[in-house]
Chemist: 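My questions all concern the structure below.
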Protein chains: 2
Amino acid sequence: MGVTKTEIFTEQQNRIADLAKAFSHPARVAILQLLIARKACVCGDLVDELELAQATVSQHLKELKRIGIIQGEINPPRVCYCINPEVWEEAQKTFGSLLETFALATSCCN
Amino acid sequence: MGVTKTEIFTEQQNRIADLAKAFSHPARVAILQLLIARKACVCGDLVDELELAQATVSQHLKELKRIGIIQGEINPPRVCYCINPEVWEEAQKTFGSLLETFALATSCCN
DNA sequence: AAAATCAATCGTAAAGATACGATTAGAATC
DNA sequence: GATTCTAATCGTATCTTTACGATTGATTTT
């Protein structure tokens, strides 16, 4: 079907999956890293740094905006993008606590 | 094209994206959480807890195995799955350092 | 040996994701 | 007002993902 059955999972599980999607494509990882380095926060700069077409970069930016992890500020004729601190912190806490739930001492099937 | 241009990104970026894929679907999040709680580490138990067909669960397990974050131990007639501690730790370090690179003080487009 | 159990795989359908050229829209500049 | 610049959106092709029924293969139990 290609369609995720979101209704059978918890809100938390769906949100974790959505936040993870922000990092689940190397282009989006690269974009986020570039935004953090702040050498490039304008779409055109990102297009120059990545070997991807402008339309493709715009599409990735749209997805990152949908998740909420970046925000765009119109600064004509450009649009300046940056990390959304609240959502970034949410990601920190979410993945932090999720990854901590596993105690390394736990062994398999005992 | 639907196909990612992995060759234009760094090894690190591609690995981050791959690790994030483990968490980018609520079913896989649920599976990992169940494996950590260790109330269910056998495929059949996971099928019982999730409202998904056995084939679908098996497919998600295969993807998690490909990433390396879980491992399967044959225990006939069952197969017991568990978290792979090394890769889990890799995920902890990877996401930990990535999420730390953003200093909250940084403001937008200045 | 036959039947039962469990999980992987096959085949397939439908929807989503990735990528890009072309077009459009908005604003600034000439 | 016309041109230029930037980025969003449209249209489209192709590949991937999600999901499930059915089948297969391996092992255990009868």
Side-chain angles (χ1 to χ4, degrees), chain A residues 1-9 13-14 17-18 20-31 34-35 40-67 70-82 108-109, chain B residues 1-9 13-14 17-18 20-31 34-35 40-67 70-82 108-109:
Chain A
M1 296 161 181
V3 63
T4 299
K5 297 172 86 177
T6 51
E7 69 279 4
I8 67 171
F9 302 105
Q13 287 165 340
N14 284 312
D18 228 30
K21 265 185 203 163
F23 301 97
S24 70
H25 192 285
R28 290 195 287 273
V29 173
I31 288 171
L34 285 169
L35 290 185
C41 63
V42 175
C43 180
D45 297 344
L46 297 172
V47 174
D48 290 343
E49 300 236 24
L50 306 170
E51 299 175 44
L52 290 172
Q54 183 262 324
T56 305
V57 174
S58 235
Q59 209 168 258
H60 282 301
L61 288 170
K62 189 181 180 182
E63 174 68 0
L64 290 170
K65 258 197 295 188
R66 183 193 63 78
I67 294 164
I70 69 169
Q71 55 197 192
E73 184 179 299
I74 295 165
N75 201 348
R78 290 166 234 274
V79 177
C80 170
Y81 286 101
C82 60
C108 187
C109 281
Chain B
M1 296 165 181
V3 63
T4 299
K5 297 172 84 178
T6 52
E7 68 279 5
I8 67 170
F9 301 105
Q13 287 165 340
N14 284 312
D18 228 30
K21 265 185 203 162
F23 300 97
S24 71
H25 192 284
R28 290 194 287 273
V29 173
I31 288 171
L34 285 169
L35 290 185
C41 62
V42 175
C43 180
D45 297 344
L46 297 171
V47 174
D48 291 343
E49 301 237 22
L50 306 170
E51 300 176 43
L52 290 172
Q54 182 262 324
T56 306
V57 173
S58 235
Q59 209 168 255
H60 282 301
L61 289 170
K62 189 181 180 183
E63 174 68 1
L64 290 170
K65 258 196 294 189
R66 183 192 64 76
I67 295 164
I70 68 168
Q71 55 197 193
E73 184 180 300
I74 296 165
N75 202 346
R78 291 164 233 275
V79 177
C80 170
Y81 286 102
C82 60
C108 187
C109 282

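Quick note on labels: first sequence line is chain A, next is B, and so on, each numbered from 1.
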Chemist: Which residues pass the side chain to side chain contact (heavy atoms under 4.5 Å, CB included) test with B:Gln59, not counting sequence neighbours?
Modeler: none
Chemist: Sequence neighbours excluded, which residues qualify as side-chain hydrogen bond (donor to acceptor under 3.5 Å, both in side chains) partners of B:Gln13?
Modeler: A:Gln33, B:Thr10
Chemist: Parallel under 30°, tilted from 30 to 60°, perpendicular over 60°: which one fits the rings of B:His60 and B:His25?
Modeler: tilted
Chemist: Measure from the side chain of A:His25, starting at C-beta and using heavy atoms only, and say which of D:dA19, C:dA15, C:dT18 lies closest.
Modeler: C:dT18
Chemist: Does B:Arg28 reach the main-chain N or O of B:Lys21 with its side chain, forming a donor-acceptor pair under 3.5 Å?
Modeler: yes
Chemist: Quick one: the side chain of A:Gln59 and the base of D:dA8, do they pair up donor-acceptor inside 3.5 Å?
Modeler: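 Answer no: no donor N or O sits under 3.5 Å from an acceptor.
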Chemist: With heavy-atom distances below 4.5 Å as the criterion, would you say the side chains of B:Leu50 and B:Leu34 are in contact?
Modeler: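 Yes, side chains in contact.
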Chemist: Choose from D:dA8, D:dT18, C:dA17 the nucleotide whose nearest atom is closest to any side-chain atom of B:His60.
Modeler: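 Nearest to the side chain of B:His60 among the choices is D:dT18.
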Chemist: Taking atom P of D:dT16 as reference, at what distance in whole Å does atom NZ of A:Lys21 sit?
Modeler: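 Computing the A:Lys21:NZ to D:dT16:P distance gives 18 Å.
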Chemist: B:Ala55 has a side chain; which of C:dC10, D:dG11, D:dT18 sits nearest to it?
Modeler: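 Looking only at heavy atoms from C-beta outward on B:Ala55, the closest nucleotide is C:dC10.
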Chemist: Output the single nucleotide from D:dT16, D:dC20, D:dT18 whose closest atom is nearest the side chain of B:Leu52.
Modeler: D:dC20
Chemist: Given atom CD1 of A:Ile70 and atom P of D:dA8, what is their separation to the nearest angstrom?
Modeler: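 It is 9 Å, rounded to the nearest whole Å.
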Chemist: Atom CG of B:Asp18 to atom C1' of D:dT16: distance rounded to whole Å?
Modeler: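 Rounded to the whole Å, the gap is 14 Å.
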Chemist: Starting the side chain at C-beta, find the nucleotide from C:dT9, D:dA19, D:dT9 nearest to B:Lys62.
Modeler: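 Selected nucleotide: C:dT9.
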Chemist: Measure the shortest side-chain to side-chain distance between B:Leu46 and B:Glu49 over non-hydrogen atoms and say whether it is less than 4.5 angstrom.
Modeler: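 No, every pair of side-chain atoms sits at 4.5 Å or beyond.
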Chemist: C:dT9 C1' sits how many Å from B:Leu61 CG, rounded?
Modeler: 14 Å
Chemist: In sequence, state the C-alpha distance, the side-chain angles, and the governing distance for B:Val57 and B:Leu61, and then conclude on side-chain contact (heavy atoms from CB on, under 4.5 Å).
Modeler: CA-CA 6 Å; B:Val57 173; B:Leu61 289 170; 4.0 Å; yes
Chemist: For A:Arg66 and D:dA8, what is the distance between atoms CZ and P respectively, to the nearest whole Å?
Modeler: 16 Å
Chemist: Between the protein and nucleotides 3-7 of chain D, list the N/O to N/O atom pairs that are separated by less than 3.5 angstrom.
Modeler:
unit_1: D:dA7; atom_1: OP1; unit_2: A:Cys43; atom_2: N; d: 3.3
unit_1: D:dA7; atom_1: OP2; unit_2: A:Gly44; atom_2: N; d: 2.8

Chemist: Kindly say if B:Thr56 contacts the phosphate of D:dT18, meaning a side-chain N or O under 4.0 Å from OP1 or OP2.
Modeler: no
Chemist: Across the strands shown, which category fits A:Ile74 at heavy-atom distances under 4.0 angstrom: base, sugar-phosphate, nothing?
Modeler: nothing
Chemist: What is the separation between atom CZ on A:Arg28 and atom C1' on C:dA19, rounded to the nearest whole Å?
Modeler: 13 Å
Chemist: Using whole Å, what does the distance between atom P of nucleotide D:dA19 and atom CD of B:Glu51 come to?
Modeler: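 So the two atoms are 12 Å apart, to the nearest Å.
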Chemist: Check the distance between D:dA19's C1' and B:Leu46's CG and give it to me in whole angstrom.
Modeler: 17 Å
Chemist: When all nucleic acid strands are considered with a 4.0 Å heavy-atom cut-off, which category describes B:Glu63: base, sugar-phosphate, or nothing?
Modeler: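 Counting heavy atoms under 4.0 Å across all strands, no contact is made by B:Glu63.
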